[in-house]
Amino acid sequence: MEMLCTLRSATEAQRVALLQAPERLEDFVDDDEDFGDPKGSAFLELDIGEAWHGLQYLLTGTPWEGSAPLDFLVRGGEDVGDIPSEEGTARVFTPAQVQALATALQQVTQKTLRARYDASAMQAQDIYPGTWDEPEAEVDPLEELLSYFEELQKFMAAVAKRREALLVHIG
């Protein structure tokens with residue numbers, strides 16, 4: 001089963017509503033539920049697909065650990081409901097946490113990410129999707145991760161500027 005990651009802005013009211021009604025998460029992610037918040041229909045969204053785990057590794061140097069706020073793709077925030085682990089995760093972050101994350105991401109350089117990239121180590125540590133050392137890849141995995149990282153920086157800066165919350169959904 002593919003595990004894809006979507007990041008989506010949310011108003012503070014939507015963040016609270018998701019925590020109170022986690023059964024409505026799927027409708028929220030599918031844009032069928034805005035919890036009655038008219039500002040919520042103007043959300044921002046970024047799909048980073050299968051790159052989430054590689055980005056986690058480059059940002060923190062670890063597959064599942066790291067320091068906040070840069071470990072946000074796999075940890076932190078508040079769980080939305082009780083999703084079985086094989087089905088993924090959904091976590092929400094407050095506007096203040098988003099501000100800290102956006103600031104931290106702006107301080108990360110491509111030089112740092114390039115230095116952490118090690119296809120063999122990523123493969124050995126089972127970094128999803130597990131195709132880091134394929135010799136005939138159509139796209140250079142590092143360049144693809146760096147491209148996603150640039151988009152991630154822009155996205156988080158925009159969400160922070162709007163002073164909104166964030167949903168990180170992997171599923």
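Nothing here was measured: the structure is a model prediction, and the numbers come from that model. When a residue number appears, it is its place in the shown sequence, counting from 1.
Residue pairs meeting the side chain to side chain donor-acceptor pair (under 3.5 Å) criterion with at least one member in residues 151-163, sequence neighbours excluded: R162-E164.
Residues passing the ring-ring contact (aromatic ring centres under 6.0 Å, His included) test with Y128, sequence neighbours excluded: W52. Considering only residues two or more places apart in sequence or on other chains, E150 meets the salt bridge (Lys or Arg N to Asp or Glu O under 4.0 Å) condition with none of them. Taking D140 as the reference, L142, E143 meet the side-chain contact (heavy atoms from CB on, under 4.5 Å) condition, with sequence neighbours excluded. Listed by chain and residue number, K111, T112 satisfy the side-chain contact (heavy atoms from CB on, under 4.5 Å) test with T109 (two or more places apart in sequence, or in another chain). For F28, the ring-ring contact (aromatic ring centres under 6.0 Å, His included) partners at least two apart in sequence or on another chain are F35.
Taking each heavy atom of L152 and L46 in turn, the nearest pair found is CA-CD2, 3.7 Å. Of all non-hydrogen atoms in L73 and C5, the two that sit nearest each other are CD2-SG, 4.3 Å. Contact detail for E134 and T131: the closest heavy-atom pair is OE2-CG2, 3.3 Å. Closest of all the heavy-atom pairs between M3 and G88 is CE-CA, 3.4 Å. When all heavy atoms are compared, the tightest approach of Q110 to L146 is OE1-CD1, 3.9 Å. Residues L19 and P22 come closest through the heavy atom pair O-CD, 3.7 Å.
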Check step by step if side chain to side chain contact (heavy atoms under 4.5 Å, CB included) holds for F149 and L59.
-> CA-CA 9 Å; F149 172 70; L59 288 170; 3.8 Å; yes

Show your reasoning for whether side chain to side chain contact (heavy atoms under 4.5 Å, CB included) applies to L113 and L145.
-> CA-CA 9 Å; L113 301 181; L145 287 173; over 6 Å; no

Stepwise side chain to side chain contact (heavy atoms under 4.5 Å, CB included) test for L101 and F93 | CA-CA 10 Å; L101 176 55; F93 294 82; 5.9 Å; no

Decide yes or no on side chain to side chain contact (heavy atoms under 4.5 Å, CB included) for R24 and L18, but give the supporting numbers first.
-> CA-CA 7 Å; R24 294 164 70 185; L18 274 170; 5.7 Å; no

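Between R15 and D37 there is no salt bridge, since no side-chain N of the basic residue sits under 4.0 Å from a carboxylate O of the acidic one.
Cluster membership check: L25 does not share its hydrophobic cluster with L4, using side-chain heavy-atom separations under 4.5 Å among Ile, Leu, Val, Met, Phe, Trp and Tyr.
Here the side chains of H53 and W64 are in contact, with some heavy-atom distance below 4.5 Å. Taking 4.5 Å as the limit, some side-chain heavy atom of L7 sits within range of a side-chain heavy atom of L166.
Within 6.0 Å of the CD atom in Q106, the count of heavy atoms belonging to other residues, nucleotides or ligands exceeds 12.
The distance from atom OH of Y117 to atom CE of M122, rounded to the nearest 0.5 Å, is 5.5 Å.
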